[in-house]
Asks: 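Have a look at this one.
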Amino acid sequence: MSELEAAIRAAAPRALAALVRRYGVFDQCEDAVQEALLEAFVQWRANGVPEQPIGWLISVAARRMMDGWRRDNARRQRELNDYLRAPAEQYDPEDYHEDADDTVRLLVLCCHPELTPASQIALTLRSVGGLTTAEVAAALLVSETTVAQRISRAKRQLKDARFELPTAAEYDVRMRAVLQVLYLIFNEGHTASAGDSLQRVDLAEEALRITRLLHQAVNGPGEVTGLLALMILTHARRDARTGPGGNLVPADRQDRSRWYAGEIAEGTQLVEETLRSGAVGPYQLEAAIAAVHSEADSVETTDWEQIAGLYRILEKIDPSPMVTLGSAVAVAMTEGPDAGIAIVEGLAGDRYLGDHHRRLSVLAHLHELAGRTDLARSNYLAALERTRNTAEQNYLRDRIAHLIR
């Protein structure tokens, strides 16, 4: 990703959040920001990224909104009057401060109770995370058409929604959706669904940034802390996950000296704090699993029994095909490859994961461990046909070539 693209991705959600807070009309604010982004691509490419990219986008988008209101004065007289009291030409970019970041409020707004969970997640991934429609579709395992319909429907429903935090009664439901969105954004950054690079570090770090803001706002242990710990521990391994040329390096071959020890210490401390808080949720358990991985010097010295036990608890409180797939690896390491293969084969009929490259890759790996070269190669080939990430494709080709030799 170029410096220009990175600057635009970082600035756009924050500019949108500031505009929605100021004017309260989500759909028009987003349209205006999109127009400002088109202008930014032209001007910033020619003149360089401005010192205050967020303020620049806010100013340009606000002018676009005023232009639209002037064209339709009768329909939006109230918004026009509000705007004329503080015209865009007098808007001071200094009014926007990083310390007053509205991204968390925008995140919560996108998870509005009037929207279905599916629409909440799609809209937030698009508006706050900055993912393209194709990336949202890949993250949610649905078609691009479905995602586009969800986003359009959500924007219509939020037309008159207020830019405010949820009440105490709404909090638990809204927070579950918020955490799921952040989790999906981070996962897309950790392992990109498509493209030449295995990781999109900027996207993972944006999810981390927003989660830290949310953690500060919540100010207490629980699932927010669990998710933050999970992200930190996972992100700490980023440099070791790729080799020369960006090739994928699997966990059992990673140089663990390249893991960030300070981040692992921070994440582990958060895990210990949140596990002492009482009731344990799925993100806390996933963070605990990540912490056990991080404590080991190698795959061989990893406490797989403890990981398998944590997965058993996770499957009880939050069952999902991806949890079962992770559990299968732990079982294979404690009971042998065939025990893990049986679990992975049981997912073959799953609607979303059955034909997914991740299931097929795990199945191939376990067959390779069991010494079944032909089955390993055929499953690696099937996985290769289904992944759109170049780094993953190259890794799968290497495994296939290795098994042919």
Side-chain angles (χ1 to χ4, degrees), residues 8-10 12-17 19-20 25-34 37 102-163 165-166 170 172-195 200 202-204 206-211 213-214 223 227 231 282-283 318 320-322 350-353 356 358 388-389:
I8 286 177
R9 182 183 287 279
R14 302 184 210 180
L16 175 59
L19 284 171
V20 173
V25 279
F26 182 91
D27 55 341
Q28 292 183 43
C29 288
E30 188 183 46
D31 290 343
V33 169
Q34 291 301 315
L37 290 175
D102 291 310
T103 308
V104 170
R105 286 182 176 269
L106 178 62
L107 182 66
V108 174
L109 176 68
C110 290
C111 297
H112 197 278
E114 292 183 8
L115 305 179
T116 65
S119 293
Q120 291 172 348
I121 294 167
L123 180 64
T124 309
L125 285 169
R126 183 73 182 88
S127 299
V128 183
L131 274 68
T132 65
T133 301
E135 289 166 347
V136 176
L140 299 180
L141 301 177
V142 297
S143 70
E144 291 185 42
T145 300
T146 298
V147 167
Q149 291 172 344
R150 289 177 183 175
I151 292 173
S152 297
R153 185 164 54 247
K155 289 167 64 176
R156 287 196 301 270
Q157 290 177 274
L158 286 182
K159 185 175 182 180
D160 298 316
R162 291 178 295 174
F163 190 61
L165 294 174
E170 298 171 335
D172 286 344
V173 173
R174 297 279 286 277
M175 194 54 62
R176 279 197 294 272
V178 167
L179 295 180
Q180 185 177 7
V181 165
L182 291 172
Y183 184 61
L184 287 170
I185 295 172
F186 179 81
N187 282 347
E188 178 63 25
H190 180 65
T191 303
S193 57
R200 294 174 54 184
D202 60 320
L203 191 57
E206 176 65 5
L208 255 170
R209 185 190 71 83
I210 300 172
T211 307
L213 288 173
L214 186 62
E223 280 286 79
L227 179 58
M231 288 183 180
Y283 294 116
D318 190 39
S320 75
M322 288 303 293
D350 182 79
R351 180 181 177 185
Y352 296 118
L353 197 58
H356 198 277
R358 298 206 190 285
R388 296 185 295 142
N389 183 282

Asks: For the residue pair S193 / E135, report whether a side-chain donor-acceptor contact shorter than 3.5 Å exists.
Replies: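 No pair is found: no donor N or O on one side chain lies under 3.5 Å from an acceptor on the other.
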
Asks: Which heavy atom of A154 sits nearest to which heavy atom of L123, and what is that distance?
Replies: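 Taking every non-hydrogen atom into account, CB-CD2, 3.9 Å.
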
Asks: Taking D27 for the side chain and K155 for the main chain, is one N or O donor matched with an acceptor at less than 3.5 Å?
Replies: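 Not confirmed, D27 side chain does not pair with K155 backbone.
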
Asks: Could you tell me which non-hydrogen atom of L158 sits nearest to which non-hydrogen atom of F26, and how far apart they are?
Replies: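 Looks like O-CB, 4.1 Å.
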
Asks: For a quick test of reading the model, state the closest non-hydrogen atom pair linking A207 to T211 and the distance between them.
Replies: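 Residues A207 and T211, closest heavy atoms: O-OG1, 2.7 Å.
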
Asks: How many angstroms lie between SG in C110 and CG in L115, if you round to the nearest 0.5 Å?
Replies: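 That separation rounds to 8.0 Å.
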
Asks: Are Q180 and I121 packed together at the side-chain level, in the sense that at least one heavy-atom pair is separated by less than 4.5 angstrom?
Replies: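 Yes - at least one pair of side-chain heavy atoms lies under 4.5 Å apart.
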
Asks: Under a 3.5 Å distance rule, please check whether E223 uses its side chain to pair with a backbone N or O of Y283 as donor and acceptor.
Replies: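 Yes.
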
Asks: Which atom names give the shortest non-hydrogen contact between V147 and A137, and what distance separates them?
Replies: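 Result for this residue pair: CG2-CA, 3.6 Å.
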
Asks: Please tell me if the side chains of V181 and V128 come closer than 4.5 Å, counting only heavy atoms from C-beta onward.
Replies: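 Sidechains of V128 and V181: no contact.
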
Asks: Does the side chain of M231 come within less than 4.5 Å of L182's, by heavy atoms?
Replies: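 They are in contact (side-chain heavy atoms under 4.5 Å apart), so the answer is yes.
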
Asks: I would like to know whether M322 and N187 meet side chain to side chain contact (heavy atoms under 4.5 Å, CB included); could you show each step before the answer?
Replies: CA-CA 13 Å; M322 288 303 293; N187 282 347; over 6 Å; no

Asks: Using 0.5 Å steps for rounding, measure from the CZ atom of R209 to the CG atom of D202.
Replies: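 Interatomic distance, R209 CZ to D202 CG, rounded to 0.5 Å: 12.5 Å.
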
Asks: Testing the basics here: between T133 and E144, what is the closest heavy-atom pair and its distance to 0.1 Å?
Replies: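 Looking at all heavy atoms of both residues, the closest pair is CG2-O, 3.7 Å.
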
Asks: Flag the pair R150 / V142 as yes when at least one side-chain heavy-atom distance between them is below 4.5 Å, and no otherwise.
Replies: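 Touching, per the 4.5 Å side-chain cut-off.
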
Asks: Treating R174 as the side-chain partner and V108 as the backbone partner, does any N or O pair qualify as donor plus acceptor under 3.5 Å?
Replies: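 Answer holds: yes.
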
Asks: Could you grab the distance from atom CG of L227 to atom CG of L179, nearest 0.5 Å is fine?
Replies: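 Between L227 CG and L179 CG, I get 5.5 Å after rounding to 0.5 Å.
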
Asks: Tell me, do L214 and M175 make a side-chain contact under 4.5 Å, heavy atoms counted?
Replies: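 Answer yes - side chains close enough.
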
Asks: Okay, side chain of E30, backbone of S127: is any donor-acceptor separation there less than 3.5 Å?
Replies: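 No, E30 side chain to S127 backbone: no donor-acceptor pair under 3.5 Å.
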
